[in-house]
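All values reported here derive from a predicted model rather than from experimental measurement. What you see below is based on every heavy atom in this structure, not just the backbone, and it leaves out hydrogens, waters and symmetry mates.
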Amino acid sequence: MTEGFQPSLDFDAAATAAEDGEALIIDVEGYEGPLHVLLALARTQKVDLLKLSVLKLAEQYLAFVQEARRRRFSLAADYLVMAAWLAYLKSRLLLPKPEQPKPEEAPAEEIAARLAFRLAKLEAMRNAAEALRVRPQLGRDVFGRGDPQAIRIIPSGRLEGDLYGLMSAYIGQRQKETQRSYKPAPPAAYPLEDARDRLRRLLPDLDRWTPLAGVAPLGTPTAGPSRASYLASTLAAGLELVREGELEARQLEAFADIYLRARKGETA
Amino acid sequence: MTDRMETAREIEALLFAAAGALSERDLAGRLPEGADVAGALEELVARYAGRGVVLTQVAGGWRFQTAEDLAWLMTQERDEPRRLSKAAQETLAIIAYHQPVTRAEIESVRGVQASRGTLDVLLELGMVRMRGRRRTPGRPVTYGTTDAFLEHYGLAALADLPGMAEMRTAGLLSLDLPADFALPDPNAASADEDPLEADAPEFHVDYLEEDS
Amino acid sequence: MTDRMETAREIEALLFAAAGALSERDLAGRLPEGADVAGALEELVARYAGRGVVLTQVAGGWRFQTAEDLAWLMTQERDEPRRLSKAAQETLAIIAYHQPVTRAEIESVRGVQASRGTLDVLLELGMVRMRGRRRTPGRPVTYGTTDAFLEHYGLAALADLPGMAEMRTAGLLSLDLPADFALPDPNAASADEDPLEADAPEFHVDYLEEDS
């Protein structure tokens, strides 16, 4: 980069670069980032990228940014950072070299050479991507056996599966875990109305003291209301019938069994 | 190249890539107009006669098939990698990240009861081993992964299991994860674990040192 | 019939019947002891040259495939392949030519942050896999391509990547890039070098074992 570079030309360069840049400002969105823009600009110089005039490239890029802003394209911050950096690099390339270079700064020519190298590298990868893309691809250009013959297979100790599969399996689990919601099923209860109706139907048979446990339905152990619910509803319904004078209830002491009997109004 | 030969090439390719037999009409329909399908087929039959693959006419049309006398080659048993069931894969992943982990803990992450078979398969394959016993009531057995596991997944050490950053890179982390979502460190020492066999500390010795 | 010819017949049958590529080892394992696999393959390559179906070497194995120039015929066999975005294509190329390569290195070549949907698409398609971890601070995960990648692009080995030798000669495959050229530091170049892998002359010299 140190040779073949003539500062005297560069005052016209900005104007020419603006024209070059103009042609490129078709679609800012078309570029993924400033490096891709730089590469597109560098190609207009039609030289080996490693022999690129970085000074001219800087002009081209600054013109590109200026034009984009004039047209009120919104540019992402990294485009502007690149513009600032290139403006700085340009000034360093143009200024006469200080006799004693600052130790912490690489020579501007070296930085320029590195930029050219990065562009060459990106270009190489874009070419590589293209070279891969035009290769005959399986399922697009060349085709394998459409109807492979079954081959009897025995499983072996060898396992299929890669790390990505393992990670997906794991994270799938954990995500399910965080999304798991708790939906308790409300316990089925024995409706009070049903208990009353049932008790009324049983009244004629309740001519003797009968324990509550024997009066309440047994229920089924697997489905429907629990035994406790049957007992509670039957007791509540029984107490209502007691209040209405159709039933008698008695309990000898606290926590003892409760007995029920139909009230025989006249004989009691 | 003669037309006949070119048609033969085309038929060769079509029959090879087709999922089933193709009739002469199928072939003619897919070849350029005026192709001499019958002639080309005749040529191909002759060309493949006596080879390992022969061109034969079956009910639906024409197809390539392997020579009958080579049937023994086709039925030979082949070493095919075994595919883990989804449940086993998930269980293995949980053990890898959460080890040492008990069966109950695996179940709590998966939200389903681990069927006996799943863990057994992993133990049998040598991917998972019993590591020790948790110092909690009931002293449940803890599970961990083996060296064979590391080898299979190309990991130098447990510390190399991909973490959050890599999962994010790989696009595996959805955005609606809770903010405090974290991955366990499978390499972390586990203080509340007793070795299963005090005499065989073949793995990480970190948790064993608690006793000394 | 000579032995060589019989072996060729057998290989022909095996490769024709197989769904994917078979390595010479696979073939030898299924053929009678002492079969001259390499010689027979050579003979078959010659025999099928210029035909509608050709014998090619991919990903370390051999497969029959339809001739490239007959792609136009195969309209029915074509499954609409997932089209890779430009960014994904570039990323795939960078991984293929630089592997093992970290995400940061990919980003530094492209000059943009890898967005969601580039690396994960490649991982999901099975074109790219995580290879291991770089032994540098942070131990970043390294990426590489898979056999499926080679098979898809019909490459026998990574060394067959188009333009590989030229790029290496031009020094374009060095990952020794200034991470951010806004920070000019003449020493940065050598400091960035990874002593473990920078000098790796061949692929697959990653410190991790290949999963076999």
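Every residue two or more places apart in sequence or in another chain that forms a ring-ring contact (aromatic ring centres under 6.0 Å, His included) with A/Tyr190 is listed here: A/Tyr230.
For the atom pair B/Leu161 CG and A/Tyr170 OH, the distance stands at 10.0 Å (nearest 0.5 Å).
For CD of B/Glu124, the number of neighbouring non-hydrogen atoms (other residues, nucleotides, ligands) closer than 6.0 Å is 12 at most. Within 6.0 Å of CD in B/Glu24 there are more than 12 heavy atoms belonging to other residues, nucleotides or ligands.
Between A/Met167 and B/Tyr153 the shortest side-chain heavy-atom distance does not fall below 4.5 Å.
For a residue to count as touching a neighbouring chain, one of its non-hydrogen atoms must lie under 4.5 Å from one of that chain's; by this rule B/Ala18 touches chain A with the backbone only.
Contact detail for B/Gln89 and A/Ala169: the closest heavy-atom pair is CG-CB, 3.4 Å.
Within the structure, every pair that satisfies the ring-ring contact (aromatic ring centres under 6.0 Å, His included) test and touches residues 11-60 of chain B, not counting sequence neighbours, is listed here: B/Phe16-C/Phe16, B/Tyr48-B/Phe64.
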